2 protein chains.
Amino acid sequence: MDSKRSVADQAVDAVADLGRDIGDYIREQRSTAQISLRQLAKLAGVSNPYLSQIERGLRKPSAEILQQIAKGLRISAEALYVQAGILEQRVGGAVVDAVLADTELTERQKQVLLDVYETFRRENAAKRPADATEDTEE
Amino acid sequence: MDSKRSVADQAVDAVADLGRDIGDYIREQRSTAQISLRQLAKLAGVSNPYLSQIERGLRKPSAEILQQIAKGLRISAEALYVQAGILEQRVGGAVVDAVLADTELTERQKQVLLDVYETFRRENAAKRPADATEDTEE
DNA sequence: GCACTGCGCTTGCAACTGCTAGCGCCGGCA
DNA sequence: TGCCGGCGCTAGCAGTTGCAAGCGCAGTGC
């Protein structure tokens with residue numbers, strides 16, 4: 001059945017690669033939040049040298065550290081995990097599905113929500129056509 | 001929005017402890033699936049001694065390993081992360097979860113969407129106060 | 001000029017992860 | 001009976017994470 005261990009390979013392979021992406025993402029979120037590396041390090045409860053290395057892609061942080069950082073940045077841990085390649089990306093379908101499946105909303109409200117959602121996505125797509133993983137907000 | 005920091009605290013505090021829980025969970029899933037430790041190890045692409053130690057709580061696996069194991073068990077990685085205490089339990093329902101997990105939205109946009117969502121829910125709750133509290137998740 | 005504070009980064013080091021090799025045990029088979 | 005394969009586990013080892021200590025640099029007050 002596994003004539004090739006593509007899954008494992010990809011994971012192992014891409015993680016090393018993605019180490020940089022996650023670092024970029026964190027650094028970007030940090031500068032957006034306008035806090036220094038040391039501040040975030042303290043907020044997140046990690047050492048500042050280590051955070052520095054993470055941001056520059058020299059180290060691959062464990063999930064706990066990622067969670068701490070997410071907390072420090074006040075962003076969802078899931079977003080970071082996806083960036084780190086340790087959680088599958090849930091594409092737009094997930095949001096649409098969830099909204100449609102929600103029993104507390106009227107059909108009209110669902111329509112409004114999905115409309116806003118689509119607008120946001122289009123906005124972002126226009127801003128950064130190829131790379132949708134980076135967050136250039138504001 | 002983090003009115004439930006008990007989870008966070010637990011995560012940070014009890015990670016060492018939770019190593020055992022996640023192991024139990026994995027072992028349980030494995031026996032449910034009726035596969036041997038070695039089989040799962042092969043499926044997940046990890047060594048069988050290591051998986052053994054994980055299941056007995058002697059080692060705390062990294063997120064990649066957890067993901068591999070989740071794949072091998074054919075369960076969602078998120079379930080495992082929650083068990084491991086590195087991901088907060090989904091609370092606000094599927095919509096909130098899906099929005100937060102969406103990587104194409106900026107954090108600001110997520111806030112807006114969730115805000116609208118909350119507004120709708122409150123509106124509806126005001127209209128029909130009693131019977132709206134059903135579990136929409138399976 | 002000169003201390004002082006905060007910034008990000010480099011350097012070793014302890015602790016951990018995750019592996020290979022190998023152990024004892026049990027059931028099937030000639 | 002011996003032998004073979006699979007089971008879970010122990011022992012010992014590279015390689016990594018995550019840290020404290022310390023570097024140089026820029027801005028500020030005296």
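Residue numbers start from 1 in every chain, and the chains themselves are labelled A, B, ... in the order their sequence lines are given, proteins ahead of strands. Since the model is a prediction, treat every value here as computed from it, not as a measurement.
- Across every non-hydrogen atom of Pro61(B) and Leu66(B), the tightest pair is CG-CD2, 3.8 Å.
- How far CD1 of Ile75(B) is from CG of Leu80(B): 4.0 Å, rounded to the nearest 0.5 Å.
- Looking at Gln109(B) and Leu113(B), their side chains never come closer than 4.5 Å, going by heavy atoms from C-beta outward.
- For the ring-ring contact (aromatic ring centres under 6.0 Å, His included) condition, the pairs that include at least one residue of residues 49-87 of chain B, sequence neighbours left out, are Tyr81(A)-Tyr81(B).
- Bracketed by its first and final contacts, the part of DNA chain D lying under 4.0 Å from non-hydrogen atoms of chain B reaches from dC7(D) to dT10(D) in 5' to 3' order.
- By the 4.5 Å heavy-atom criterion applied to side chains, Ile69(A) and Ile54(A) are counted as neighbours.
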Protein-to-nucleotide contact annotation, 5' to 3' order, nucleotides 6-20 of chain C [B base; S sugar-phosphate only; - none; under 4.0 Å, heavy atom]: -BBBBB-----BBBB

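- Between the side chains of Ser31(B) and Arg27(B), no donor-acceptor pair of N or O atoms lies under 3.5 Å.
- A distance of 7.0 Å separates CG in Leu40(B) from CD in Glu55(B), rounded to the nearest 0.5 Å.
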